[in-house]
Structure formats: C-alpha cells, structure tokens
Amino acid sequence: MNQSEFTRRLLLQGTAGLLGSAALARVVPAQAATDELRLWAAPIMRPFDTWAPFEEKAGIKLAWSPKSASADEALSKMMVGDGRKLYDAFTDNGGGMEDAMAENGVIAELDTSRIPNWNLLRDEVRDPKGEAAHSIRYKDKVYAVPYIANADSLAYNKSMLGQDYASWEAIFDPEFKGRTALQNDFGPTMTVTAIYLHESGKMSIKNRSDMQPDEIQGVAEFLIEKKKAGQFRTFWNGFQQGVDLLASGEVAMMSCWEPIQRVAAKKSGQDIVYGTMKEGHQVWNNIVMLTKDAAKAGKDAAFYKLAETVLSPWYTTRQLSRFGFASLTTGMVAYMEANAGDFDVADLKATLKRKEQRYATAGNAWQNVYPTHLRTYQEWWSRVQAA
C-alpha cells in the first residue's frame with residue numbers, strides 16, 4: 001500500500017472508528033482576530049514553560065492543543081475529521097506528511113517572501129534542488145516551515161563501557177547481548193538498521209528511506225535473528241522509558257532521540273554520550289503547516305508571524321538549549337554569543353559541532369513515515385515484535 005492508497009483509504013473510511021472519543025471531544029472555540037491562531041502542535045514545539053514568551057515575541061495569541069505522536073490520528077483528523085474546523089495550523093508527525101496533506105487539499109501553499117527569516121534557512125532546504133528541499137515541499141511548491149531538525153544516533157554509557165563508539169555495529173555486537181535497546185517503531189529502527197547493513201556491506205539497499213519488499217524482509221529478518229538471540233534488552237516506547245533505561249544502567253547503549261540522552265546523562269550524573277555513527281543516521285525535521293481554511297479566513301498573517309519566530313535565532317537557540325534539537329537555520333552561534341548570559345555557550349557550541357558531524361555523514365537517510373510499501377513495513381515489523 002503506497003501513500004496515496006493509504007490516504008484515500010482514510011477518506012473512504014470516514015471518521016467512524018478512526019478518531020478516539022478524546023480526540024473528538026476537545027473543541028477549541030473559533031477565534032475572531034487575525035492575530036490569534038489555533039495551533040495543534042507537539043509539545044516539543046514549545047521550549048518554554050508556557051507559550052507567553054513566544055506570543056510576546058511573535059505578537060500573536062495562541063490557542064494551543066497538544067498533539068500526540070500518532071501519524072494516523074493526524075491524517076485522520078485533518079483529512080476526514082474535524083481538524084480543519086478546530087485548528088488553523090498544525091505540526092507533522094515525521095517526514096512526508098506535507099505531501100499527504102497538500103495532495104488532499106488540507107494545507108495552503110506558502111509565500112516565503114512574507115517570512116524575512118526564510119533567508120536564514122540552510123541551502124539544503126531553502127534551495128529547491130537542495131538535499132532537504134523535499135521535506136517542506138509538494139510538487140516543488142513550499143507548504144511547510146521547519147522548526148526543528150536532527151540526525152538521530154546511538155547513545156552509550158561511556159562511564160559504564162569505558163570507551164567511545166562510532167559504529168552501529170556495537171548495538172548488534174554479541175559482546176553487549178541483553179544490554180542494548182532499540183526504539184519500538186519500524187520507521188527509525190528499520191531505517192538505521194538498513195543504513196548499517198548497507199554501509200557495512202552486509203546487504204545492498206538502494207534507498208534506505210523507502211525500501212523495496214525484499215529489502216524490508218531482509219532488514220526485518222536480521223532484527224528477528226538478533227532478537228531471538230537475546231541481543232536486545234527491550235524495544236523502548238516513549239520518552240520516559242528511554243530516559244529510565246539509560247539513566248538506570250539497565251542498558252549500556254540504545255538508539256534514541258537526543259533529548260533522551262541529555263536528560264538521562266543529567267539524571268544519572270554519568271557520561272552518557274550521543275555518538276556519531278560512521279555508517280550514517282536517520283535525519284529529519286519537524287514542520288508547521290497552515291490550513292487552507294485558515295488562510296481563507298484571514299489567519300495567514302498570524303501564521304507568518306509564527307513562521308518568522310520559529311526561524312529566528314531567538315527561538316532556535318532556545319530549542320537547542322532546552323531539548324537539544326537544532327534547526328535547519330543559521331545564526332545560532334552569533335546569537336548565543338551575543339546573549340551569553342542566557343546560555344551555556346560552550347556546551348551548545350559543542351552540541352552543534354556534533355550535529356554537524358552527523359549531518360555530514362554520507363550514509364544518512366531521510367525520515368519517511370509514508371514509504372511506498374507501507375503495508376510491507378507494517379507486516380514485517382509485526383513479525384519483529386512477535387519474535
């Protein structure tokens with residue numbers, strides 16, 4: 001089942017059974033003023049205790065509804081549910097959502113001339129021919145604004161292990177049997193495994209972000225073999241479990257998000273490192289989109305203020321400081337140096353340097369939560385889970 005078939009099936013099924021009662025119950029009152037925006041966004045978009053600093057900086061009011069990590073829920077709510085009535089803008093759940101939303105007429109094409117900070121975007125995303133250009137475009141037209149980005153890697157407890165690691169080989173090495181963990185999500189886990197298998201010469205995989213059925217099978221069978229051999233302590237679910245696994249020493253290394261590593265290191269007081277893997281990483285960004293209905297209702301002006309703010313060094317440096325996420329923009333170093341009293345400049349510079357090292361790795365593959373053979377991914381991932 002490819003992406004188009006997946007989204008069409010959602011449209012045919014309608015809202016029945018797709019949206020939980022909790023998702024249907026929350027109704028955000030309609031807003032009248034053009035400087036007010038109803039935002040459905042992941043909590044990670046807010047590197048502040050409240051939205052007040054952001055509202056003051058952007059000059060808008062936000063009616064925020066927290067968004068879950070479920071991509072299926074987001075597609076359902078925005079395409080066949082009541083999402084377009086409830087929200088003016090919303091964030092994605094991983095690479096490719098802008099394509100599904102634009103294809104089905106949910107989101108508005110953006111006028112980047114209305115976002116002065118657009119010029120701060122790195123060439124690879126701002127240039128229509130750039131490596132990351134596809135992550136904000138549909139049919140070469142801009143539909144999204146990236147607010148955070150990263151290259152996901154391997155976290156390892158250097159205090160426990162006594163050395164550094166620069167290859168995914170370690171997490172599959174029998175030496176660490178029962179002391180490793182992977183994320184319980186076919187997207188990142190199968191992607192980084194495919195990167196490792198391809199770059200190490202164990203398999204030939206043409207596109208690690210969008211594998212063919214036989215390639216999906218090969219990656220899954222490798223994971224099943226390792227799982228049956230007891231290689232993995234567990235497959236982690238959610239931020240808190242990831243932090244607990246690392247901080248407690250229950251696992252010595254695991255694939256994870258960078259904020260998990262940062263919090264686990266602080267909580268444990270141990271030297272837990274986020275490495276740079278020579279084979280590559282899953283790279284990604286998260287985006288915010290404007291609905292067509294909101295654009296027609298005159299909410300575009302507020303959205304462009306929001307976009308201008310999330311691209312500013314004021315915002316991106318605070319994302320880096322609070323969560324460890326970077327952005328696809330420039331200007332952070334100059335900003336943090338000019339505001340050194342607000343940041344641990346040395347730590348943030350070191351974090352940015354490590355990110356640049358990961359971004360530069362040749363084997364990187366872009367996140368893709370809607371691969372061509374989605375059903376095959378799901379079927380084989382079920383077998384991995386059941387093994």
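Please read these numbers as outputs of a predicted model, since none were measured by experiment.
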Would you call I60 and L306 a side-chain contact if the rule is heavy atoms closer than 4.5 Å? yes

Test item: R233 side-chain N/O and G178 main-chain N/O as donor-acceptor pair under 3.5 Å: no

Checking L120 against W118 for the side chain to side chain contact (heavy atoms under 4.5 Å, CB included) test, could you report, in this order, the C-alpha distance in whole Å, the side-chain angles of both residues, the deciding distance, and whether it holds? CA-CA 5 Å; L120 292 178; W118 195 258; over 6 Å; no

CZ-OG1 distance between F325 and T316, expressed to the nearest 0.5 angstrom: 14.0 Å

Does a side-chain N-to-carboxylate-O contact under 4.0 Å join E98 and R137? no

Can you check whether K85's main-chain N or O pairs, donor with acceptor, with D82's side chain at less than 3.5 Å? no

The single option from E169, E279, R208 that satisfies side-chain hydrogen bond (donor to acceptor under 3.5 Å, both in side chains) with Y196 is E169

So, are R122 and E356 salt-bridged, with charged N and O less than 4.0 Å apart? yes

Hydrophobic cluster membership, M253 vs W236, 4.5 Å side-chain cutoff: no

Might you point out which heavy atoms bring A302 and L37 nearest each other, and give the distance in Å? CB-CD1, 4.0 Å

Report the C-alpha distance between V106 and R84 in whole Å, list the side-chain angles of each, state the deciding distance to 0.1 Å, and finish with yes or no for side chain to side chain contact (heavy atoms under 4.5 Å, CB included). CA-CA 8 Å; V106 174; R84 280 171 284 183; 4.0 Å; yes

Rounded to the nearest 0.5 Å, what's the gap from CE on M101 to CZ on F90? Could you check? 4.0 Å

Between K292 (side chain) and A102 (backbone), is there a donor-acceptor pair under 3.5 Å? no

Taking every heavy atom of H281 against every heavy atom of M277, the minimum-distance pair comes out as NE2-N, 2.9 Å

Do D164 and Y156 touch side chain to side chain, with heavy atoms closer than 4.5 Å? yes

Value for CH2 (W257) from CZ (F323), rounded to nearest 0.5 Å, stands at 12.0 Å

Answer yes or no: is there an ion pair linking D244 with K267, defined by an N-O contact shorter than 4.0 Å? yes

Least distance between heavy atoms, I171 atom then A181 atom: CD1-O, 3.4 Å

For the hydrophobic clusters of this structure (ILVMFWY residues joined by side-chain heavy atoms under 4.5 Å, transitively), does one cluster hold both I224 and L197? yes

Got a sec, which residues hit side-chain hydrogen bond (donor to acceptor under 3.5 Å, both in side chains) with S68, two or more places apart in sequence or on another chain? E73

Are any side-chain N or O atoms of S159 and backbone N or O atoms of Q270, one a donor and one an acceptor, separated by less than 3.5 Å? no

To the nearest 0.5 angstrom, please state how far the NZ atom of K61 sits from the CD atom of E36. 8.0 Å

Are M78 and V145 linked, directly or through other ILVMFWY residues, by side chains that come within less than 4.5 angstrom of each other? yes

Under 4.5 Å between side-chain heavy atoms, hopping through other hydrophobics if needed: is there a path connecting M254 to F176? no

NZ (K227) with more than 12 external heavy atoms under 6.0 Å: yes

With a 3.5 Å distance limit and no angle check, can you tell me whether K226 reaches the backbone of F232 through a side-chain donor-acceptor pair? no

Audit row: V192, W168, side chain to side chain contact (heavy atoms under 4.5 Å, CB included) steps and yes/no: CA-CA 8 Å; V192 297; W168 288 107; 3.9 Å; yes

Side-chain donor-acceptor distances from residues 42-51 under 3.5 Å, at least two apart:
{"residue": "R46", "atom": "NE", "partner": "F48", "partner atom": "O", "Å": "3.1"}
{"residue": "R46", "atom": "NH2", "partner": "D49", "partner atom": "O", "Å": "3.0"}
{"residue": "D49", "atom": "OD1", "partner": "R322", "partner atom": "NH2", "Å": "3.2"}
{"residue": "T50", "atom": "OG1", "partner": "A52", "partner atom": "N", "Å": "3.2"}

Kindly determine whether I107 and Y138 satisfy side chain to side chain contact (heavy atoms under 4.5 Å, CB included), including the steps that lead there. CA-CA 11 Å; I107 56 177; Y138 175 67; over 6 Å; no

Is a donor on one side and an acceptor on the other found under 3.5 Å between the side chain of N104 and the backbone of A100? yes

Could you tell me whether the side chain of E103 reaches within less than 4.5 Å of the side chain of K139, counting heavy atoms only? no

Any non-hydrogen side-chain atom of K57 less than 4.5 Å from a side-chain atom of Y315? no

Both conditions, 6.0 Å and 45 degrees, for the charged tip of K299 above the ring of Y304: are they met here? no

Could you tell me whether the side chain of H198 and the main chain of I205 form a donor-acceptor pair under 3.5 Å? yes

So, does K177 use its side chain to make a donor-acceptor pair with the main chain of A229 at under 3.5 Å? yes

Expected output: side-chain D185 to main-chain G187 donor-acceptor under 3.5 Å: yes

Does a side-chain heavy-atom distance below 4.5 Å link N117 with T329? no

Give a yes or no on whether the backbone of P371 and the side-chain of D210 come within a donor-acceptor separation of less than 3.5 Å. no

Might you point out which heavy atoms bring A71 and Y370 nearest each other, and give the distance in Å? CB-OH, 3.5 Å

Taking C-beta and beyond as the side chain, do K349 and V333 meet within less than 4.5 Å on heavy atoms? yes

Distance col, row I272:CD1 vs K266:NZ, nearest 0.5 angstrom, shows 13.5 Å

In terms of side-chain geometry, is the basic nitrogen of R358 or E258 positioned less than 4.0 Å from the acidic oxygen of its partner? yes

Considering non-hydrogen atoms only, spot the tightest contact between T317 and M332 and give its length. OG1-CG, 3.5 Å

Student check: side-chain heavy atoms of W381 and T189 closer than 4.5 Å: yes

Any pair with a residue in residues 305-316 that passes salt bridge (Lys or Arg N to Asp or Glu O under 4.0 Å), sequence neighbours left out, goes on the list, sorted by first then second residue, please. none

Within a strict 4.5 Å, meaning less than it, do heavy atoms of the F54 and W314 side chains meet? yes

Any salt bridge between E250 and R179, counting N to O under 4.0 Å? no

Nearest-0.5 Å distance that lies between atom OG in S255 and atom CG in L154: 7.5 Å

same_hphob_cluster(V263, L348) at 4.5 Å side-chain heavy-atom cutoff: no

Over all atoms of both residues, closest heavy-atom pair of S209 and A365: OG-CB, 3.4 Å

